[in-house]
Novice: 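Structure incoming, see below.
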Amino acid sequence: MKNISSKLVPLTEQILGCIGLIMIVIETYAVFARNILHTSTPWVDEALKLMFVWIVFVGTALCFRTDELISLTLIEDGLKEKQKMFPYGVMKLIQYIAAVGMSILLVTQLFTIIGTQMSTGEATTVIKYPLWLMNMGVLVGVILIVIIGILKIIDTLKYFKREA
């Protein structure tokens with residue numbers, strides 16, 4: 001599992017980085033078209049929104065994997081420094097359980113939303129891509145958070161083992 005993760009994460013980061021560069025180029029074109037060519041580019045908003053959603057939610061899962069999101073750093077570092085691993089473990093366990101719980105709620109709602117959008121064939125106004133494609137980015141990111149969170153909860157149990 002670790003071997004797959006070590007190859008998949010850098011690849012995902014590169015893909016997200018390329019999408020970010022594409023977003024910059026598209027937005028630059030939109031500004032150029034509006035100010036220099038005096039023409040509208042209505043497709044830009046829809047394209048950028050789709051890419052933005054995928055980058056944010058998949059990127060958030062990657063940050064959650066490495067604990068790079070906002071945390072109680074001052075308290076966590078203080079507990080680690082004082083070798084108080086039990087309270088540190090409790091704090092991390094609460095964080096991970098909250099993240100997994102909220103993500104599971106989102107997953108259940110997203111299945112309903114995406115299912116409805118697929119069955120109705122709902123599409124965006126200008127580009128006409130299926131609307132479920134954007135919400136699938138949210139679903140993928142949240143499912144990754146659930147999986148990573150469960151693995152982190154299991155890993156956190158090491159803080160509760162008594163030393164012999």
Side-chain angles (χ1 to χ4, degrees), residues 1-73 76 91-156:
M1 183 71 174
K2 202 134 180 124
N3 192 22
I4 294 171
S5 176
S6 67
K7 292 180 182 172
L8 193 58
V9 169
L11 176 65
T12 306
E13 289 172 346
Q14 289 178 353
I15 291 170
L16 294 178
C18 288
I19 292 172
L21 288 174
I22 292 168
M23 289 174 67
I24 290 169
V25 169
I26 290 173
E27 187 58 39
T28 302
Y29 168 74
V31 171
F32 176 79
R34 181 178 54 245
N35 294 326
I36 306 298
L37 302 177
H38 302 291
T39 184
S40 69
T41 52
W43 59 272
V44 166
D45 289 336
E46 288 180 7
L48 289 176
K49 186 170 26 170
L50 174 67
M51 289 183 264
F52 185 74
V53 165
W54 275 86
I55 281 180
V56 166
F57 284 93
V58 175
T60 299
L62 292 176
C63 289
F64 182 67
R65 180 183 153 275
T66 58
D67 272 342
E68 293 176 357
L69 296 173
I70 295 174
S71 64
L72 302 170
T73 309
E76 288 178 13
M91 187 174 9
K92 296 308 278 183
L93 192 61
I94 291 169
Q95 290 174 2
Y96 298 146
I97 289 172
V100 169
M102 291 300 296
S103 296
I104 288 172
L105 288 174
L106 283 170
V107 166
T108 59
Q109 294 301 312
L110 284 163
F111 272 124
T112 303
I113 291 167
I114 291 171
T116 302
Q117 290 172 337
M118 285 179 152
S119 66
T120 61
E122 193 174 352
T124 60
T125 310
V126 179
I127 300 178
K128 303 287 186 210
Y129 66 78
L131 200 54
W132 61 263
L133 190 61
M134 181 175 59
N135 290 320
M136 188 64 74
V138 179
L139 181 63
V140 168
V142 174
I143 287 173
L144 285 172
I145 289 174
V146 170
I147 293 167
I148 292 166
I150 290 170
L151 294 173
K152 286 184 163 292
I153 288 169
I154 293 167
D155 187 53
T156 303

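Just so you know, these numbers use all the heavy atoms, side chains as well, and skip hydrogens, waters and symmetry mates.
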Novice: Could you tell me which residues satisfy side chain to side chain contact (heavy atoms under 4.5 Å, CB included) with L48, sequence neighbours excluded, listed by chain and number?
Specialist: M23, I26, E27, V44, M51

Novice: Sub-3.5 Å donor-acceptor pair from the side chain of T124 to the main-chain atoms of Y129, do we have one?
Specialist: yes

Novice: Quick one: pull up CG in L62 and CD in E13 and give me the separation to the nearest 0.5 Å.
Specialist: 5.5 Å

Novice: May I ask you to decide if L16's main-chain N or O and W54's side chain share a donor-acceptor pair within less than 3.5 Å?
Specialist: no

Novice: List the residues meeting side chain to side chain donor-acceptor pair (under 3.5 Å) with T125, not counting sequence neighbours, and say none if there are none.
Specialist: none

Novice: For the CD1 atom of I97 and the CD atom of Q95, what is their distance to the nearest 0.5 Å?
Specialist: 11.0 Å

Novice: Roughly how far apart are I19 CD1 and I24 CD1, rounded to 0.5 Å?
Specialist: 12.5 Å

Novice: Please tabulate, one pair per line, all N/O donor-acceptor pairs under 3.5 Å involving side-chain atoms of residues 136-156, not counting sequence neighbours.
Specialist:
| residue | atom | partner | partner atom | Å |
| --- | --- | --- | --- | --- |
| K152 | NZ | R65 | O | 3.2 |
| T156 | OG1 | K152 | O | 2.6 |

Novice: When rounded to the nearest 0.5 angstrom, what is the spacing between CG in N135 and OG1 in T112?
Specialist: 11.5 Å

Novice: Does any non-hydrogen side-chain atom of T28 lie less than 4.5 Å from one of F32?
Specialist: no

Novice: Between CZ of F57 and CG of L110, what distance do you get to the nearest 0.5 Å?
Specialist: 8.0 Å

Novice: Got a donor-acceptor contact below 3.5 angstrom from the E46 side chain to the V126 backbone?
Specialist: yes

Novice: Taking all non-hydrogen atoms of both residues, which atom of T60 and which atom of V56 are closest, and how far apart?
Specialist: OG1-O, 2.5 Å

